Structure formats: structure tokens, C-alpha cells
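Values reported hereafter were calculated over all heavy atoms of this structure, with side chains retained and with hydrogens, waters and symmetry mates removed. Note that the coordinates shown come from a computational prediction; the quantities given were computed from them, not determined experimentally.
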Amino acid sequence: MSTFEPSKLTEHLLALSPQSFTSATQTPFLSHAGAGTPSKDVLQTWLGQDRLYAQAYIRFAALLLANVKLSGKVDGECFEERLLDLILSSINNVRRELKFFEDVAQRYNLDISSTEERVSEGVELYRNLFFETGEAVEAGRLGLLEGLVLLWGTEVCYLTAWRYAASCSTGLIEGKKEADGGALRKEFIPNWTSSEFAAFVDEIAEFMDKLWVGEWNGDAERLAVVEGIWKRVLDVEKKFWPAVA
């Protein structure tokens, strides 16, 4: 169990298991994605799974939204009002993402449909993590801090993973035949490494760190819970990416 004087919880978590973080965000699938070499079948199957993940994410974020306690004061700059806006943004972002998937899939002739009978292990584990954490927040067993740790954890892993993929595209020749027709290089990777997405991840981190400093009272058990959520995210993230040679 760790003990430390808190300043930035995000920095503490990132330093907690650096090898696991690297393993979760630098997989063979991501290096292949950066090089434009995943088969069309692998890509469209994974995109279908990512849509299922996004649907579970929306339900989880909605539970967080329902547990933001607003005061009777009219103050658009108060912490709770801004936290409400942040969580609403997370839901709206995913809704836009789902529509983006459909648009790109249509233009590149990708079949991203999926069924409950074909849910991957990674998506099923994320569903369980979202469900358990969201229900615990709703029941008062966990707080919004723990919910934000999960929200931030999934997003910072996703951003870091696709930044790694982008780094693997160095030297990719324009016009080279890519198995997906260039969908990853032209559409998905720029979207998932955009400055707007990075700013959103940073904003979650800011709220999470402020909540941590405001609520930290030396409770080692709560710190262990927060660390446990982060470690579960890393474990699940490793299984989220398709296994490719």
C-alpha cells in the first residue's frame, strides 16, 4: 500500500506501474495500426468492439452525471457546475465518436456491426469495470473521485496508445496500399491524437487532482482503492487491443 503527500494524483498513478502502462499502450496491434498493416477484417472487427465499449462508457458517465451535487447558488464557475459540464462533454464526445465511426465505415466500406454473441474479453472486462464502479458511485460506496479515476484512466490510455500508433507511422509512404484503404492513417489516428482530445484528457486530470487534494485526509484505504481502479484499467486495457502477430 502506498503512502505519499498528495499534490497530483494523476502523476502518482502514472508513476505507480510504468511498465504496465507501457504494456497497455504499446501493443503489436497499435504498431501495425500506425504502419497501416492491420487486415481490413481485424480493423473492422475491433471497431465494432470499440462501439460496444463506447455504449458502456455512456452508461457509466451518466451515473457519474447523476451524482454531481449542485448547490442552489447561481454560479457557473463553481466546481460542481464545471464538473457537470465536463461529464456532459464526455457523453457528447462519445456520441459524436459513434457517428464518426459510422461515417468513416461507410466511406471506407468497413463493416463495424457487432453482436452480443461476439463481445471480446476486453470489452466485457470494461463493461464489468464500468458497471461495478458506476453502481458503487450511485450507491454511495465510492465517490466521484473514484469515478473520475476510471474516466481519466480509460481516456489517458486511449490517447497514449494512439500517440504510440502515430509514432509508428513515421516513414509511411503516401500512396502505399494500406489494407484499410487509409482509414486509420487519414481518419482515426488524427482523430484520436487531436489537440482537442488531449485537452479533454487534461481537463479530466485537472478535476481529478482538485478533488483528490480537497478530499485527501490521510486515508490509506481510499488511496489503495484509487490505485486499484487504475491497476484494473491497465489490466483491462491490455486485453482491449486485438492480438496480432
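Across all non-hydrogen atoms, the minimal contact from Asn67 to Leu63 is ND2-O, 2.7 Å. Nearest heavy-atom pair across Leu13 and Trp230 is O-NE1, 2.8 Å. When all heavy atoms of Ala165 and Ile189 are compared, the closest pair comes out as CB-CD1, 4.3 Å. For the pair Leu47 and Phe101, the tightest heavy-atom approach, listed with the atom from each and the gap, is O-CE2, 3.9 Å. Residues Ala198 and Leu159 share a closest heavy-atom pair of CA-CD2, 3.8 Å. Shown here for His32 and Pro38, the closest heavy-atom pair between the two residues is O-CD, 3.0 Å.
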Would you please test Ile87 and Leu83 for side chain to side chain contact (heavy atoms under 4.5 Å, CB included) and show each step?
-> CA-CA 6 Å; Ile87 300 172; Leu83 178 57; 4.2 Å; yes
Does the side chain to side chain contact (heavy atoms under 4.5 Å, CB included) test come out yes or no for Lys238 and Ser20, once each step is laid out?
-> CA-CA 9 Å; Lys238 293 173 192 174; Ser20 293; 3.8 Å; yes
Just do the side chain to side chain contact (heavy atoms under 4.5 Å, CB included) check on Lys40 and Asp180 with the steps written out, would you?
-> CA-CA 5 Å; Lys40 184 176 180 179; Asp180 64 354; 5.5 Å; no
List the steps, then state whether side chain to side chain contact (heavy atoms under 4.5 Å, CB included) holds for Ser17 with Lys231.
-> CA-CA 8 Å; Ser17 305; Lys231 289 176 181 177; 4.1 Å; yes
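Expressed to the nearest 0.5 Å, how far CH2 of Trp162 lies from OG1 of Thr193 amounts to 10.0 Å. Between atom OG of residue Ser120 and atom CG of residue Leu125 there is a gap of 8.5 Å, rounded to the nearest 0.5 Å. If you take OH on Tyr57 and OG1 on Thr154, they are separated by 5.5 Å, rounding to the nearest 0.5 Å. Atom CD in Gln44 sits 11.5 Å away from atom OG in Ser114 (nearest 0.5 Å). Here the straight-line distance linking atom CD of Gln26 with atom CZ of Phe21 works out to 9.0 Å at 0.5 Å rounding. Trp192 contributes atom CH2, which lies 4.0 Å from atom OH of Tyr158 (distance to the nearest 0.5 angstrom).
When side chains are defined from C-beta on, Leu84 does not count as touching Glu80, because their heavy atoms never get closer than 4.5 Å. No side-chain heavy atom of Trp212 sits less than 4.5 Å from a side-chain heavy atom of Met208. At a threshold of 4.5 Å between non-hydrogen side-chain atoms, the residues Tyr164 and Thr22 do not count as touching. At a threshold of 4.5 Å between non-hydrogen side-chain atoms, the residues Val233 and Val149 do not count as touching. The shortest side-chain heavy-atom distance between Val119 and Arg127 falls under the 4.5 Å cut-off. In this structure, the side chains of Val94 and Gln55 stay at 4.5 Å or more apart for every pair of heavy atoms.
In this structure, the salt bridge (charged side-chain N to carboxylate O under 4.0 Å, His left out) partners of Arg107, at least two apart in sequence or on a different chain, are Asp103, Glu187. Residues satisfying the ring pair (Phe, Tyr, Trp, His ring centres under 6.0 Å) criterion with Tyr108, sequence neighbours excluded, are absent altogether. With sequence neighbours left out, the side-chain contact (heavy atoms from CB on, under 4.5 Å) criterion links Leu211 to Phe79, Leu144, Leu145, Leu148, Glu215. Annotation: side-chain contact (heavy atoms from CB on, under 4.5 Å) contacts of Thr27 (sequence neighbours excluded): Phe29, Leu30, Trp241. Listed by chain and residue number, Arg51 satisfy the side-chain contact (heavy atoms from CB on, under 4.5 Å) test with Glu102 (two or more places apart in sequence, or in another chain).
Both Leu98 and Phe100 are part of a single hydrophobic cluster, where members link through side-chain heavy atoms under 4.5 Å apart. Under a hydrophobic-cluster definition in which Ile, Leu, Val, Met, Phe, Trp and Tyr are linked whenever side-chain heavy atoms come within less than 4.5 Å, directly or via other members, Leu86 and Leu88 are assigned to the same cluster. Phe131 and Leu52 are assigned to two separate hydrophobic clusters, defined by single-linkage of ILVMFWY side chains at heavy-atom distances under 4.5 Å.
A donor-acceptor pair under 3.5 Å is formed between the side chain of Ser194 and the backbone N or O of Asn191. Judged purely by atom type and a 3.5 angstrom limit, Ser169 uses its side chain to pair as donor or acceptor with the backbone of Ala166. A donor-acceptor pair under 3.5 Å is absent between the side-chain atoms of Thr25 and the main chain of Ala161, judged by distance alone. When atom types are taken as modelled, the side chain of Thr133 and the backbone of Phe130 share no donor-acceptor pair closer than 3.5 angstrom. Between the Glu237 side chain and the Ala24 main chain, no donor and acceptor come within less than 3.5 Å of each other.
With hydrogens and angles left out, the side-chain atoms of Tyr126 and Gln49 include no donor and acceptor closer than 3.5 Å. Ser39 and Asp41 are not linked by any side-chain donor-acceptor pair at a separation below 3.5 angstrom, with hydrogens and angles left out of the test.
The salt bridge (Lys or Arg N to Asp or Glu O under 4.0 Å) analysis of residues 89-101, with sequence neighbours excluded, yields no pairs.
Aromatic rings of Trp46 and Phe240 (six-membered ring for Trp) have centroids within the 6.0 Å cut-off, being under it.
Between Arg232 and Glu132 there is a salt bridge, since at least one side-chain N of the basic residue sits less than 4.0 Å from a carboxylate O of the acidic one.
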